[in-house]
Every structure is written in structure tokens, then in C-alpha cells.
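Because only heavy atoms are used, hydrogens play no part in the values below, and waters and symmetry mates are left out as well, while side chains stay in. Since the structure is predicted, the reported quantities are computational estimates derived from the model, not experimental observations. Throughout, protein chains are lettered first and strands after them, A, B, ... in sequence-line order, and every chain is numbered starting at 1.
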Amino acid sequence: MIALVQEIGWQTIRFVDHLGRLGVFAAQIGRAIVRPPYRLRVLIRATFDIGVLSLIIICVCGTAVGMVLSLQGYNTLVRFGAEESLGAVVGLSLVRELGPVLTALLTTGRAGSATAAEIGTMVATEQLDGLRMMSVDPIDLVVTPKTLAMILAMPLLSALFIVFGLLGGYVVGVGLMGIDGGTYLSSLQAAVGFQDDIAGSLLKALVFGVLVGLIATYRGYTAAPTSEGVSAATTSTVVVASVSVLIFDYVITALWGV
Amino acid sequence: MSRSPLRDLLVGLFVLAGLGAIAYLSISVGGLSYGGPGGLTIYAVFDQTGGLKPRAPVVISGVKVGQVASITLDENFRARAALDLDKSLRLPTDTSASIVTSGILGDRYVSLQLGGDEQVLQNGDEIAFTESAVILERLIGKLIHNSGVEK
């Protein structure tokens with residue numbers, strides 16, 4: 001019984017400890033962002049790895065999600081004779097929920113895991129120690145560009161996901177189900193507002209970008225310098241980032257109603 | 001880190017495509033600015049808005065000419081709707097506004113019927129003649145009540 005309470009206590013301490021270290025880590029990254037040198041070339045390279053290489057999966061998944069939403073929505077709405085609202089259903093679900101959340105989950109799997117593995121391997125092969133010996137701060141050169149690239153890429157990827165989703169929804173709704181194209185678009189435009197929906201969607205994507213970027217780099221940076229350490233860091237990046245994205249999604253929706 | 005023209009180009013394209021998607025969502029889908037010139041604000045006071053919402057369209061003969069900017073309570077506890085309309089519209093002062101529904105249970109919107117007066121409404125003017133929304137439940141209630149009295 002005491003052992004159980006002890007275990008709970010130990011896990012709590014570990015959790016708070018991680019949270020504190022993550023806070024310090026985030027503060028170091030924040031300082032590296034505002035303080036010169038600004039490593040623009042490295043940032044572009046990181047944006048290529050994280051953003052451009054995630055494009056295909058984002059576009060394909062966006063289209064597929066839009067298509068299935070349209071199909072499901074149509075089959076439900078047609079029972080109530082309300083298939084004109086299909087644009088609103090597809091649009092609101094994509095903009096408010098599915099766009100930012102699925103983009104964050106896909107990017108976690110595609111780019112977050114790679115980031116953690118890359119930094120973890122650098123830890124295991126003592127490359128970061130090498131940098132420190134040359135008095136180059138690894139946070140400044142390695143970690144910050146990757147985190148920043150994730151924060152910048154997430155809203156852009158999310159917006160692309162939503163646009164491709166709307167396109168997929170249009171193809172199925174108008175092409176397959178025979179809804180009038182103008183009806184789809186006008187119901188979409190009437191339902192989705194900038195302040196209520198689009199701004200909230202971008203805010204969500206930005207928060208998710210910060211979350212995934214921080215967790216991936218933190219897990220890689222603090223990985224144990226062994227091959228097991230790198231694999232554990234990669235796994236826990238995907239798990240922790242996915243769970244916190246979903247939890248923060250609820251919190252943001254509850255607080256700001258987007 | 002050396003320059004790589006192809007990589008830089010792809011990153012640039014990615015950023016532009018993303019910004020383009022955000023712009024499309026904001027302006028075209030989100031209606032950040034109503035897709036036509038606004039700038040003429042006219043007020044209309046209603047007894048009952050019946051679920052009229054901001055951003056609902058304002059139409060003349062079924063053609064969209066603006067949208068409802070905001071709905072507030074005035075000092076007499078009536079609903080005061082600000083209508084953001086096309087600046088080039090020259091509406092006679094005896095124009096009337098009514099809240100109507102598309103279909104039986106559809107969305108509410110404001111319809112303007114033009115009068116014949118020579119003077120035109122200026123920015124910030126108030127429409128004198130308004131017709132409130134018809135509440136279906138109240139109509140049914142009246143109908144039941146009336147038929148009960150007749151018996």
C-alpha cells in the first residue's frame with residue numbers, strides 16, 4: 001500500500017520535473033530566437049525537412065478526409081432533406097477541428113519523430129558535445145531552427161489541409177452526389193466566419209506547432225545516449241505530442257469556443 | 001550550410017502556398033471583408049429579430065448588397081441592427097426593412113424594400129419602417145388560442 005502511494009508520488013515528481021525542465025528549455029529557445037545570430041539558412045533547411053516534405057501526406061490526407069466527410073455528411077443530411085447544408089458541415093468540421101488536429105497528428109508522425117530521432121542520434125554520437133567544445137550552443141544551432149520551423153509550418157500545413165479537404169468534399173458532394181456546386185460553396189461561405197472559425201483554427205495550429213516542436217526537440221535533446229535512448233525518445237515524442245495536442249484542443253475549444 | 005537553389009525554391013513555394021491557403025480561407029471562405037464594397041452603415045430597429053445573427057445577408061430583390069454588422073439593444077429595449085451596405089447604394093428615406101426566413105426553418109436575413117422618396121439615406125441614418133421576424137411558434141399559438149375561443 002505504501003509502495004503504491006510512493007509510486008504515485010514518484011511519478012508526480014517526475015512529471016513536474018519534466019514540466020520544469022521543459023519550461024527552462026522553452027525559455028532557452030525563446031532567448032535563442034530573439035538573440036543574434038539569426039541562422040536563417042538553417043531555418044530554411046529545417047522548414048524544408050518539416051514543411052515541404054510533409055506536404056504530400058498533408059494534401060493526400062486532407063483530400064481523403066474531405067471526401068469521407070462529404071460522403072458521411074451527405075448520407076446523414078439527406079434523411080432530413082438538408083443536403084444543401086453539406087458545405088457547412090464539411091467546412092465547419094474541417095476548419096474548427098479536423099484541419100488543425102489531424103495536421104498536428106500527421107506532422108507529429110512525419111516530422112516530429114524524425115526531429116527527435118535526429119537530435120537524439122546527435123546526443124548519442126556526442127555531436128552536441130562536439131559543438132559545445134567549439135563553443136557553439138547546440139540549442140542555438142540545432143534545436144531552435146527545428147522548433148521555429150515547426151511553429152511556422154504548422155499553420156501553413158493546416159490551412160493547406162483544410163483547402164484540400166474542402167476540395168475533396170466538393171468533388172464528392174458535387175461530382176458524385178449531385179449537389180449543386182453553388183449551393184455547396186454558398187452554404188460553406190455562410191457558415192464559416194473569419195473571427196469565429198478561421199482565426200481560431202490558425203490559433204489552434206500555432207499552439208499545436210509550439211507543442212509538437214517543443215516536445216520533439218526536448219525529447220531528442222534529453223534522450224539517453226544509447227540506441228535504446230533514441231528509440232525511446234522517438235516513441236515518447238509521438239505519444240506525448242499526440243496526447244497533448246488532443247488535450248490542448250479541448251482546452252482551447254472550451255476556453256475560446258473555436 | 002551552403003545555398004541550395006532548388007531547396008530554397010521549394011521552401012519559398014511551400015510558404016507562399018500556405019499563405020495563399022490562409023488568404024483563401026480568410027477572404028473567400030471566411031468572408032473577412034464582404035465580397036463587395038461596404039462602408040454605408042444604416043441602422044434598423046426591430047421589435048423582434050427572431051434569431052437574426054451578425055453576418056446575415058442584407059438583400060434587395062434577392063440580391064445581396066451587404067450584411068448585418070451587429071445587433072444591440074437600444075434604450076427602449078428594442079433590437080438595433082447595424083447594416084453594412086454597399087456605399088454606392090442610393091436608398092430612399094422611406095425604404096423599409098423586414099426580417100425574413102429562407103424556407104420554413106431556414107436562416108434569417110434582412111430584406112429591403114425601396115420606397116419612392118427623393119431624399120436618400122445617409123451614413124448612420126435609421127430606417128423608419130421595419131417589419132419584425134415572424135415567429136412560427138407564436139403564430140401557431142395564436143391560431144390554437146383563437147380557434148379555442150370560437151368554440
Gap between atom [atom2] of [Y] and atom [atom1] of [X] - 0.5 Å precision:
X       : Y        : atom1 : atom2 : value
B/Ile22 : A/Leu202 : CD1   : CG    : 5.0 Å
B/Tyr24 : A/Leu166 : OH    : CG    : 6.5 Å
A/Leu53 : B/Leu10  : CG    : CG    : 9.0 Å

Candidate list A/Asp197, A/Val192, A/Val163, test side-chain contact (heavy atoms from CB on, under 4.5 Å), partner B/Leu25, passing option: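 Among A/Asp197, A/Val192, A/Val163, the one meeting side-chain contact (heavy atoms from CB on, under 4.5 Å) with B/Leu25 is A/Val163.
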Electrostatic pair A/Arg41-B/Asp8, nearest N-O below 4.0 angstrom: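 Counted as a salt bridge, because a side-chain N and a carboxylate O are separated by less than 4.0 Å.
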Taking every non-hydrogen atom, the tightest pair across A/Leu156 and B/Leu19: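 Shortest heavy-atom separation between A/Leu156 and B/Leu19 comes out as CD2-N, 3.7 Å.
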Nearest non-hydrogen partners of A/Ala159 and B/Gly18, listed with the distance: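 For A/Ala159 and B/Gly18, the tightest heavy-atom pair comes out as CB-O, 4.2 Å.
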Assess whether atom [atom1] of [X] is packed by more than 12 heavy atoms of other residues, nucleotides or ligands within 6.0 Å.
X        : atom1 : value
A/Ile56  : CD1   : no
A/Gln72  : CD    : no
B/Glu131 : CD    : no
A/Gln127 : CD    : yes
B/Arg138 : CZ    : no

Part of A/Ala153 lying under 4.5 Å from any heavy atom of chain B: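 Contact with chain B involves both backbone and side-chain atoms of A/Ala153.
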Residue part contacting chain B, namely of A/Ile44, when any heavy atom lies under 4.5 Å: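 Contact with chain B: backbone and side chain both.
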